[in-house]
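What follows is one structure encoded as structure tokens, with my remarks underneath.
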Amino acid sequence: MRIVSLSVSTQSNRLLNLLRLQSLKHFSPSRHLSLQSNLHQYHEPSITQAVELLQTPENNWDLDQLRSILYSDSENSSPKRFFHIARRLDSSAKALKFFDYVRENSKCPEDLPLLSSVFQAVLELASREPSWEKKVFQLYISSQEQNVPLTINAATLLLGCLGRAGMKEELLIVFKALDPDCKNTHVCNRLVTVLFNLGDVGEALHVLDEMLEPNSISSPNDTTVDVVFSKILRRDRPGRRFKDEEIVGLVSKFSEQGVFPDTFKLTQLITNFCRDGKINRAWDVLENVIKSGGYVAVASCNALLTGLGRSNDFKKMNQLMAIMNDKDIKPDVITYAILINRLCKSWRVDEAMEVFDKMSGEVGKYTVEPDVVIYNSLIDGLCKVGRQEEGLKLMEQMRSQNFCAPNTVTYNCLIDGFNKVGEIERSLELFDQMKKDAVPPSVITLNTLVDGMCRHGRINSAFQLFNEMQKDGVKGNAVTYTTLITAYCGVNNINKAMELFDQMLSSRCSTDAIVYYSLINGLSLAGRMDDASMVVSKLKEAGFGMDVVSYNVLISGFCKKNKLEKAHEMLKEMEEVNIKPDTVTYNTLISHFSKTGSLGIAHKLLKKMLKEGLLPTVVTYGTLIHGYCLNDNIEEAMNIFRSMTSALEVPPNTVIYNILIDSLYKRNEVEKLLSLMNDMQIKGVKPNTTTYNALFKCLRENNLLNKAFEFMDQMVEQACNPDYITMEVLTEWLSAVGQVDKLRKFLQGYEVSVQEKEKYSE
DNA sequence: GTAGGGTTAG
């Protein structure tokens with residue numbers, strides 16, 4: 001029955017047949033029983049007759065008739081015929097009786113192939129009967145006792161059965177006892193498959209090693225490669241994972257023998273290595289296959305290009321493109337998309353445009369037609385470097401090409417581009433055009449517009465747009481809420497931020513940790529620590545975790561409110577959830593203790609920080625210097641200032657100078673202050689408005705008018721804008737001494753630059 | 001291929 005069903009050409013049967021045909025190549029013809037050849041021959045009346053005879057109870061067998069059917073001529077008593085008779089019996093018990101009959105009527109050793117064939121049929125039948133697990137191995141033992149060798153197919157079947165039954169020990173016994181010429185590729189493939197299924201990767205690799213020996217009769221074929229790489233790629237399979245070097249080693253050894261993973265598996269291997277950041281391994285795999293002359297599709301190269309692109313390795317990308325060119329692997333639209341995208345992401349838009357031009361071969365005709373993705377990458381790239389107008393031109397070019405109409409992403413990129421240069425009106429125009437163009441806006445369109453408006457002070461309009469778009473069916477998400485919450489916190493509208501947060505929680509909008517972090521930050525900066533703590537609880541209830549930055553934010557907030565026990569609680573919690581305090585954590589604490597006069601504790605913290613392997617930064621020094629200044633110990637502050645530059649090579653910045661300069665002004669030490677101003681100039685640290693404010697106050701105290709004029713000129717020269725404090729100090733002082741003219745000239749110095757600034761921002 | 005936050009010193 002099964003033979004008939006095999007000839008039915010359903011797809012799965014065709015596949016089965018293909019597999020069988022493939023393994024045929026490696027069969028020793030004398031042993032192999034082909035199910036393919038001359039099927040009809042085994043349905044001839046004599047076979048049916050024999051089967052009918054053998055189906056009757058053994059004591060009813062018509063022995064004469066049987067003998068005449070089976071042994072009348074030598075052509076009749078072939079292994080193939082015997083096999084097909086045995087296989088059509090309805091139980092292994094009946095087949096076994098037949099086996100005994102043949103054994104009694106056969107001459108040894110000439111008739112051994114007959115016995116082997118009948119035994120294969122016995123095994124096949126037994127493997128489909130209840131309690132096959134026990135039967136199959138027992139049958140094997142008895143065949144061994146009778147010195148009947150296994151056919152290749154019997155061996156394969158047996159290995160499969162023992163594997164399925166989980167009988168690993170028996171499996172290896174059977175394999176080791178096989179005749180050497182029976183251990184061919186087909187059988188070894190089955191063993192390897194079975195060992196993989198049992199999770200014994202080590203033993204499977206051992207078998208593979210033997211297969212890979214030179215001149216092995218079981219040299220690997222396509223099935224071997226398929227089995228091995230299927231296992232490697234399916235990481236959920238039982239048994240240990242393959243080591244990277246094992247994978248690369250197998251590819252290389254298979255390649256040497258001229259067998260290769262198929263395109264799909266090769267690409268998967270490369271993708272997986274790249275995803276794990278092991279790009280060199282991916283490279284080795286592809287290189288091995290290419291060098292050994294295996295077929296490599298462009299998809300596999302694209303996988304590697306993606307990996308190389310992610311690590312910005314343009315050198316290797318070019319190298320790969322050269323190899324592809326050499327091996328005549330034609331780049332496709334994906335290849336170009338990868339190159340163009342990576343170049344754009346690295347701000348190398350002109351080179352990206354060059355690649356884009358290269359895609360077109362003959363004039364006006366593309367060798368590879370660019371697609372929407374490529375256009376969008378380029379438009380985004382152009383916008384990110386401030387070339388919005390060129391981006392718009394590309395969008396027009398898209399319209400003139402078939403099947404390449406601008407889509408939502410195209411518009412999103414351009415809208416973001418105009419946002420980034422502050423041209424919100426043009427962003428909104430594009431948004432209108434989008435509607436006319438029947439390009440549907442997405443939540444990203446919404447978020448991009450909301451972000452642009454918020455960043456340019458139009459928070460309420462942004463909120464309005466959000467509501468309108470919700471009505472039009474574009475629902476906001478966690479990103480929308482983050483943007484709005486951050487913006488409202490930024491203008492100190494904490495209540496509105498909290499309101500939005502509650503709205504988000506009560507709507508069924510998806511949330512993530514970032515929304516919570518944003519609000520925690522806003523609340524902490526506003527000093528609303530109880531609210532901040534409440535949001536932290538909600539974050540945890542929602543199943544999210546805190547990160548080091550958020551802990552720092554809270555610690556800073558608690559310190560400023562002088563709630564040290566709360567800050568300490570946070571530190572304890574960090575330890576519990578295994579988040580190590582970082583430099584900012586230490587800086588925050590050191591700053592607090594410096595300011596409150598506990599410089600001893602501040603130094604202890606500094607020591608601990610160093611012990612943890614964290615290097616002090618300019619901020620660390622700044623906090624300590626500020627601490628000593630506040631505690632009226634400017635000498636020690638200066639000591640630290642000097643040591644930071646000499647010993648540890650942390651260059652001071654404007655803030656450091658401002659701390660010292662402000663302190664010197666308050667102590668009215670004008671000489672030292674001026675010498676620091678000089679020091680700044682030597683070190684190339686630019687003073688800012690805060691610096692000049694302290695300086696002018698000090699100069700006024702000491703009535704050093706000419707010095708003030710000098711620095712007023714310098715301030716104009718450096719385009720450092722005065723603020724209301726500068727104006728207050730200078731106005732009071734200069735009008736008191738009748739030098740309003742100088743003040744007027746000072747302000748005139750800014751007029752040009754102020755106008756220029758406005759021109760730029762237009 | 002497109003969107004969000006980010007702490008510490010003046």
Side-chain angles (χ1 to χ4, degrees), chain A residues 334 337-338 340-342 344-345 370-381 383-384 406-417 419-420 441-452 454-455 476-487 489-490 511-522 524-525 546-557 559-560 581-592 594-595 602 616-627 629-630 652-663 687-691 693-694:
Chain A
I334 308 287
I338 297 164
I340 288 173
N341 184 38
R342 283 340 301 190
C344 286
K345 286 280 167 335
D371 63 1
V372 190
V373 175
I374 288 187
Y375 274 108
N376 289 346
S377 283
L378 283 167
I379 290 172
D380 188 55
C383 287
K384 292 258 150 55
N407 63 10
T408 308
V409 177
T410 320
Y411 277 103
N412 290 347
C413 295
L414 284 163
I415 289 172
D416 192 53
N419 279 347
K420 293 278 146 68
S442 66
V443 66
I444 297 183
T445 320
L446 165 64
N447 292 341
T448 307
L449 283 166
V450 166
D451 182 61
C454 285
R455 279 182 205 280
N477 62 12
V479 178
T480 329
Y481 282 103
T482 303
T483 310
L484 287 166
I485 287 171
T486 306
C489 285
T511 61
D512 61 16
I514 294 179
V515 195
Y516 289 86
Y517 295 160
S518 313
L519 187 56
I520 292 166
N521 186 42
S524 298
L525 287 174
M546 292 280 287
D547 68 353
V548 66
V549 176
S550 291
Y551 275 118
N552 289 343
V553 164
L554 288 167
I555 290 169
S556 168
C559 282
K560 281 186 182 127
D582 65 3
T583 312
V584 176
T585 322
Y586 279 101
N587 288 348
T588 308
L589 294 167
I590 291 170
S591 163
H592 176 261
S594 298
K595 265 187 224 159
T617 63
V618 66
V619 178
T620 322
Y621 289 110
T623 58
L624 285 167
I625 289 170
H626 191 212
C629 286
L630 287 173
N653 59 13
T654 309
V655 178
I656 297 279
Y657 280 102
N658 286 354
I659 297 166
L660 288 166
I661 285 171
D662 191 63
S663 187
N688 61 17
T689 312
T690 313
T691 326
N693 288 349

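Chain A is the first sequence line, chain B the second, and so forth, proteins listed ahead of strands; every chain is numbered from 1.
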Whole-Å distance separating the CD1 atom of A:Ile659 from the P atom of B:dT8: 14 Å
Closest to side chain of A:Asn521, choosing from B:dG6, B:dA9, B:dA3: B:dG6
Distance, rounded to the nearest Å, where A:Asn447 contributes CG and B:dT2 contributes P: 15 Å
With sequence neighbours excluded, residues passing side chain to side chain contact (heavy atoms under 4.5 Å, CB included) with A:Asn341: A:Lys345, A:Ser377
Nearest-Å distance for atom pair CG/P, residues A:Asp416 and B:dT2: 10 Å
Touch class at under 4.0 angstrom, heavy-atom based, for A:Asn653 against every strand present: base
Any side-chain donor near an acceptor of the partner, A:Thr480 and A:Asn477, under 3.5 Å: yes
Sugar-phosphate, base or nothing in reach of A:Val450, heavy atoms under 4.0 Å: nothing
Close side-chain approach of A:His592 and A:Thr588, heavy atoms under 4.5 Å: no
Qualifying residue for side-chain hydrogen bond (donor to acceptor under 3.5 Å, both in side chains) with A:Asn688, from A:Thr654, A:Asn693, A:Asn658: A:Asn658
Out of B:dG6, B:dT2, B:dA3, whichever nucleotide has its closest atom nearest the side chain of A:Asp380: B:dT2
Any donor-acceptor N/O pair under 3.5 Å between B:dG6 base and A:Asn552 side chain: no
Under 3.5 Å side-chain donor-acceptor pair for A:Thr410 and A:Asn407: yes
Protein-nucleotide distance (A:Ile520, atom CD1; B:dG5, atom P), rounded to Å: 15 Å
Closest to side chain of A:Lys560, choosing from B:dA9, B:dT2, B:dG6: B:dA9
Under 4.0 angstrom between A:Lys384 side-chain N/O and B:dA3 OP1 or OP2: yes
Sugar-phosphate only, base, or nothing, as touched by A:Ala513 at under 4.0 Å among non-hydrogen atoms: nothing
Check: A:Ser518 side chain, B:dG5 base, donor-acceptor under 3.5 Å: no
Between B:dT8 (P) and A:Tyr621 (OH): distance, integer Å: 21 Å
Shortest side-chain distance from A:His626, nucleotide among B:dT8, B:dA9, B:dA3: B:dA9
Residue-phosphate contact under 4.0 Å: A:Lys595 side-chain N/O, B:dA9 OP1/OP2: yes
Among B:dA9, B:dG4, B:dT7, the one nearest A:Asp512 by side-chain distance: B:dG4
Sugar-phosphate, base or nothing in reach of A:Ile514, heavy atoms under 4.0 Å: base
Whole-Å gap separating C1' (B:dG5) and OH (A:Tyr516): 15 Å
Sole residue of A:Asp547, A:Asp582, A:Asn587, A:Thr583 in side-chain hydrogen bond (donor to acceptor under 3.5 Å, both in side chains) with A:Asn552: A:Asp582
Sugar-phosphate, base or nothing in reach of A:Thr690, heavy atoms under 4.0 Å: base
Sugar-phosphate only, base, or nothing, as touched by A:Asp662 at under 4.0 Å among non-hydrogen atoms: nothing
Sugar-phosphate, base or nothing in reach of A:Val553, heavy atoms under 4.0 Å: sugar-phosphate
Under-3.5 Å donor-acceptor pair between A:Asn477 side chain and B:dA3 base: yes
A:Asn419 CG - B:dG4 C1' separation (whole Å): 13 Å
Side-chain heavy atoms of A:Asp416 within contact of A:Asn412, under 4.5 Å: no
A:Tyr657 OH to B:dG10 P, straight-line distance once rounded to whole Å: 18 Å
Short side-chain N/O contact to B:dT2 OP1/OP2 from A:Lys345, under 4.0 Å: yes
B:dG5 OP1/OP2 closer than 4.0 Å to side-chain N/O of A:Arg455: yes
